[in-house]
Amino acid sequence: MAGGLITGLNREGVARFSFLMAAVAIFGSFVFKLKDVGELVGTTSIPWIPVIIGIICAAISGLFAVSFMINFIKKNKLYGFAIYVFIIGAFVLLDQYVLHVIF
């Protein structure tokens, strides 16, 4: 998103494009993991109906979350989120290369 905003694109278009790219990655992950889920459900006492209902509920809640975020990005700037991500990223790098406490 930052790259698109730096090049001068509008926030809504950048948000839609980034969520579209994420949707492709999530769908690809779903396709590759479907075999594992099928083996798990087929070999245990887990029925298919709750799995299918869970997938549908996750898809619906994901669509609502994406819609909410696109509307939020249209109206607000993400400075607070950028600061949060910078602090967390700096902490993770510090921990990875110096402290070795958590990760």
Side-chain angles (χ1 to χ4, degrees):
M1 289 180 67
L5 291 173
I6 288 171
T7 60
L9 298 174
N10 66 350
R11 286 188 284 175
E12 181 182 0
V14 170
R16 287 187 182 278
F17 181 71
S18 64
F19 283 123
L20 181 62
M21 287 190 337
V24 171
I26 291 168
F27 183 72
S29 171
F30 169 73
V31 168
F32 282 119
K33 287 293 182 179
L34 193 59
K35 183 184 101 168
D36 298 337
V37 171
E39 290 174 359
L40 177 67
V41 172
T43 59
T44 62
S45 61
I46 301 173
W48 272 103
I49 299 296
V51 172
I52 293 171
I53 291 172
I55 291 170
I56 292 170
C57 289
I60 291 170
S61 64
L63 288 174
F64 281 122
V66 167
S67 175
F68 170 79
M69 284 304 296
I70 288 175
N71 288 331
F72 182 82
I73 290 169
K74 274 196 270 187
K75 298 173 187 168
N76 302 309
K77 297 192 179 199
L78 298 176
Y79 290 128
F81 182 69
I83 293 168
Y84 162 76
V85 169
F86 179 78
I87 291 170
I88 294 296
F91 177 73
V92 168
L93 288 175
L94 182 68
D95 186 55
Q96 284 286 308
Y97 294 110
V98 179
L99 301 175
H100 306 293
V101 175
I102 296 176
F103 300 108

Original post:
Applying salt bridge (charged side-chain N to carboxylate O under 4.0 Å, His left out), which residue pairs with at least one partner in residues 14-24 are found, sequence neighbours left out?
Top reply: Glu12-Arg16
Report yes or no: do [X] and [Y] belong to one cluster of Ile/Leu/Val/Met/Phe/Trp/Tyr joined by side chain heavy-atom distances under 4.5 Å?
{"X": "Leu63", "Y": "Ile26", "answer": "no"}
{"X": "Met69", "Y": "Leu20", "answer": "no"}
{"X": "Phe19", "Y": "Phe68", "answer": "yes"}

**OP:** Spell out, as yes or no, whether a donor-acceptor pair under 3.5 Å connects the side chain of Ser18 to the backbone of Val14.
**Re:** yes
Original post:
Would a distance-only check, ignoring hydrogens and angles, find a side-chain to backbone donor-acceptor pair under 3.5 Å from Arg11 to Asn76?
Top reply: yes
Original post:
Can you name the closest pair of heavy atoms from Ala58 and Ser61 and give their distance?
Top reply: O-OG, 3.1 Å
Side-chain hydrophobic cluster, 4.5 Å single linkage: members besides [X]:
{"X": "Phe17", "answer": "Met21"}
{"X": "Ile83", "answer": "Ile87"}
{"X": "Ile53", "answer": "Ile49"}
{"X": "Phe86", "answer": "none"}

Original post:
At what distance, to the nearest 0.5 angstrom, does CZ of Phe81 lie from CD1 of Ile73?
Top reply: 9.0 Å
Original post:
How far does CZ of Phe72 sit from NZ of Lys77, to the nearest 0.5 angstrom?
Top reply: 12.5 Å
**OP:** For Leu99, check side-chain contact (heavy atoms from CB on, under 4.5 Å) against everything at least two apart and list the hits.
**Re:** Leu94, Asp95, Val101
